[in-house]
Amino acid sequence: MAGLAKTYSKEIIKELDMIPVYLPGTKIEPGDIITFSHTNALGRPQPIGSFRKETNLIHTLGLDLPVATDDGLGAVRFSSRNGVSMEFKAAANAGNVGKGELNVSFTKEGSTYLAATGLSESRIEDMDKLRTNLNKIRNKYTGDWNKSFIVVSVRTAKKALVMQSNSSQGSLTISGETQTLQAGAAGDIKANLKFAVSSFKDAAFIKDWNDDVELFVGLARYRKRFLGSWKLGHGFAATRNADWEMATVYPDELDFGTSDS
């Protein structure tokens, strides 16, 4: 299962330029401090696979950090390259526009299909305030800052259908208003679509058009500076304490070097 989790995470990061929540729908919120078991070849932690929630800056450590919500972020459709194929069979009745059967075939272990709509993002509203106040609670956190990530935003879908296959023979069949659920389809995905999962095979996991599914996170790191500043192409934001700094984790800068973790 750990290998499938890493496959899912790496693919979403590379293809969508977002850091995924694994498993999708795992409860997580801005202000959470989390850790991952995966490290790269240099032993540095990477936000890949499942995570462990250590504490929360707001609810547990007492920082006053207002959280804002941005709605209307649309929909997302995704299927693994060279690992997923789809066939839509329109309903026989010509009046049933958009209705039919969508067959999704998974031809590679770990391949993924995702369709989600009604995306919104909850985020820490004042990042400068976060940077400044981290110094105040630095010693209250009993975990290891060098291995930890701060959740600064969470992107949630009002409705989401997600499946990852655990074999090269996985399948998913959905019937009803399914035409807009195809990867590459035009237009929005309506949250009130009426369809049903007729069958599925060899699923590592499946989210069956569930409500309020956490899909992606924005992360930051906070740790003691060493050998100068972190080498981040987008630059870094330093705290007022010259020995410590906070930096945004950018998906396109993650190092996927392998390790035994």
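Residue numbers count from 1 along this sequence.
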Quiz item: With a 4.5 Å limit on heavy-atom distance, are the side chains of Leu215 and Thr156 in contact?
Solution: no
Quiz item: Taking all atoms of both residues into account, what is the closest heavy-atom pair of Phe195 and Glu177, and its distance?
Solution: CB-N, 3.9 Å
Exercise. Check the pair Glu109 / Ser167 against side chain to side chain donor-acceptor pair (under 3.5 Å), numbers first and verdict last.
Key: CA-CA 4 Å; Glu109 182 182 11; Ser167 80; over 6 Å; no
Quiz item: So, for Gly170 and Asp202, which heavy atoms are closest and what is the spacing to 0.1 Å?
Solution: CA-CB, 4.0 Å
Quiz prompt | Heavy atoms of other groups near Phe200 CZ, more than 12 under 6.0 Å | solution = no
Practice problem: For Leu61 and Ile33, run side chain to side chain contact (heavy atoms under 4.5 Å, CB included): C-alpha distance rounded to whole Å, both residues' side-chain angles, the deciding distance at 0.1 Å, then the answer. | Solution: CA-CA 10 Å; Leu61 298 183; Ile33 298 178; 4.3 Å; yes
Practice problem: Could you go through the side chain to side chain contact (heavy atoms under 4.5 Å, CB included) check for Glu54 and Tyr141 one step at a time? | Solution: CA-CA 9 Å; Glu54 304 293 342; Tyr141 177 48; 3.6 Å; yes
Practice problem: May I ask you to check whether Ser165 and Tyr113 show a side-chain donor-acceptor distance below 3.5 Å? | Solution: no
Exercise. Measure the CZ-CH2 distance between Arg138 and Trp145 for me, rounded to the nearest 0.5 Å.
Key: 9.5 Å
Quiz prompt | Nearest-0.5 Å distance, CG of residue Leu57 to NZ of residue Lys140 | solution = 11.0 Å
Quiz item: Between Tyr222 and Asn146, is any side-chain donor less than 3.5 angstrom from a side-chain acceptor?
Solution: no
Practice problem: With rounding to the nearest 0.5 Å, note down the distance linking OG1 in Thr248 to CG in Leu219. | Solution: 9.5 Å
Quiz item: Heavy atoms, side chains only, cut-off 4.5 Å: are Ile13 and Pro20 in contact?
Solution: yes
Self-check item: Carboxylate-amine/guanidinium proximity below 4.0 Å for Arg155 and Glu121
Solution: yes
Quiz item: Which is it for Ile174 and Asn103 under the side chain to side chain contact (heavy atoms under 4.5 Å, CB included) test, yes or no, and what are the steps along the way?
Solution: CA-CA 7 Å; Ile174 51 180; Asn103 294 300; over 6 Å; no
Quiz item: Can you check side chain to side chain contact (heavy atoms under 4.5 Å, CB included) on Lys99 and Gln179, steps first, answer last?
Solution: CA-CA 6 Å; Lys99 292 185 178 181; Gln179 188 173 26; over 6 Å; no
Quiz item: Say you draw a straight line from CG of Leu181 to NZ of Lys190; how long is it, rounded to the nearest 0.5 Å?
Solution: 12.5 Å
Practice problem: Tell me, please, whether Phe149 has Arg221 positioned over its six-membered ring: NZ or CZ under 6.0 Å from the ring centre and within 45 degrees of its axis? | Solution: yes
Practice problem: Would you please say whether a donor-acceptor pair under 3.5 Å links the side chains of Ser120 and Thr69? | Solution: no
Practice problem: Give a yes-or-no answer on whether the side chains of Ser198 and Glu101 include a donor-acceptor pair shorter than 3.5 Å. | Solution: no
Quiz item: Roughly how far, to the nearest 0.5 Å, is the OG1 atom of Thr112 from the CD atom of Glu15?
Solution: 11.0 Å
Quiz item: Is there side-chain contact between Val67 and Ile58, with at least one heavy-atom pair below 4.5 Å?
Solution: yes
Quiz item: After noting the C-alpha distance and the side-chain angles of Asp212 and Lys158, does the key distance pass the salt bridge (charged side-chain N to carboxylate O under 4.0 Å, His left out) rule?
Solution: CA-CA 5 Å; Asp212 302 323; Lys158 185 175 182 180; over 6 Å; no
Quiz item: Rounded to the nearest 0.5 Å, what separation is found between the CG atom of Leu134 and the CD atom of Glu245?
Solution: 12.0 Å
Quiz item: Taking a hydrophobic cluster as the set of Ile, Leu, Val, Met, Phe, Trp and Tyr residues connected by side-chain heavy atoms closer than 4.5 Å, whether directly or through intermediates, do Val197 and Trp209 fall within one such cluster?
Solution: yes
Quiz item: Hey, are Asp211 and Lys159 close enough for a salt bridge, meaning a charged N less than 4.0 Å from a carboxylate O?
Solution: yes
Quiz item: Does Met163 reach the side chain of Phe106, with side-chain heavy atoms less than 4.5 Å apart?
Solution: yes
Practice problem: Report whether Val84 and Ile12 are members of the same hydrophobic cluster (ILVMFWY, side-chain heavy atoms less than 4.5 Å apart, transitive linking). | Solution: no
Quiz item: Which atom pair, heavy atoms only, marks the closest approach of Ser79 to Met86?
Solution: CB-CE, 3.8 Å
Exercise. Locate the shortest heavy-atom distance separating Leu161 from Asp208; write the atom from each residue and the value.
Key: CD1-CA, 4.0 Å
Quiz item: NZ of Lys53: more than 12 outside heavy atoms within 6.0 angstrom?
Solution: yes
Practice problem: For residues Ile28 and Phe51, determine if any side-chain heavy atom of one lies less than 4.5 Å from a side-chain heavy atom of the other. | Solution: yes
Quiz prompt | Donor-acceptor under 3.5 Å (Ser111 side chain, Lys108 main chain) | solution = yes
Quiz item: At their closest point, which heavy atom of Pro24 faces which heavy atom of Val162, and how far apart are they?
Solution: CG-CG1, 4.4 Å
Practice problem: Using a strict cut-off of less than 4.0 Å between a Lys/Arg side-chain nitrogen and an Asp/Glu carboxylate oxygen, indicate whether Lys129 and Asp64 qualify as a salt bridge. | Solution: yes
Quiz item: Out of curiosity, does Leu23 fall in the hydrophobic cluster containing Ile206 (side-chain heavy atoms, cut-off under 4.5 Å, transitive links)?
Solution: no
Practice problem: May I ask you to check whether Tyr22 and Phe205 place their ring centers less than 6.0 Å from one another? | Solution: yes
Quiz item: What are the two closest heavy atoms between Leu119 and Ala157, and how far apart are they?
Solution: CD1-CB, 3.9 Å
Self-check item: hydrophobic_cluster_shared for Ile189 and Phe88, side chain cutoff 4.5 Å
Solution: yes
Exercise. Decide yes or no on side chain to side chain donor-acceptor pair (under 3.5 Å) for Ser80 and Glu11, but give the supporting numbers first.
Key: CA-CA 8 Å; Ser80 298; Glu11 186 173 40; 2.8 Å; yes
Quiz item: Any side-chain heavy-atom pair from Thr39 and Gln46 closer than 4.5 angstrom?
Solution: no
Quiz item: With respect to Leu193, which candidate in Thr117, Thr180, Thr178 satisfies the side chain to side chain contact (heavy atoms under 4.5 Å, CB included) definition?
Solution: Thr180
Quiz item: So if you build clusters from Ile, Leu, Val, Met, Phe, Trp, Tyr with side-chain heavy-atom gaps below 4.5 Å, do Leu63 and Ile150 land together?
Solution: yes
Practice problem: Examine distances only and state if a side-chain atom of Asp32 and a backbone atom of Glu29 form a donor-acceptor pair shorter than 3.5 Å. | Solution: yes
Exercise. With the side chain counted from C-beta on, respond yes when Leu114 and Tyr8 share a heavy-atom pair under 4.5 Å apart, and no when they do not.
Key: yes
Quiz prompt | Side chain Ser9, main chain Ile48, donor-acceptor under 3.5 Å | solution = no
Quiz item: Are Glu214 and Lys27 within salt-bridge range, i.e. N to O under 4.0 Å?
Solution: yes
Quiz item: Side chains of Pro47 and Leu254: does their closest heavy-atom pair fall under 4.5 Å?
Solution: yes
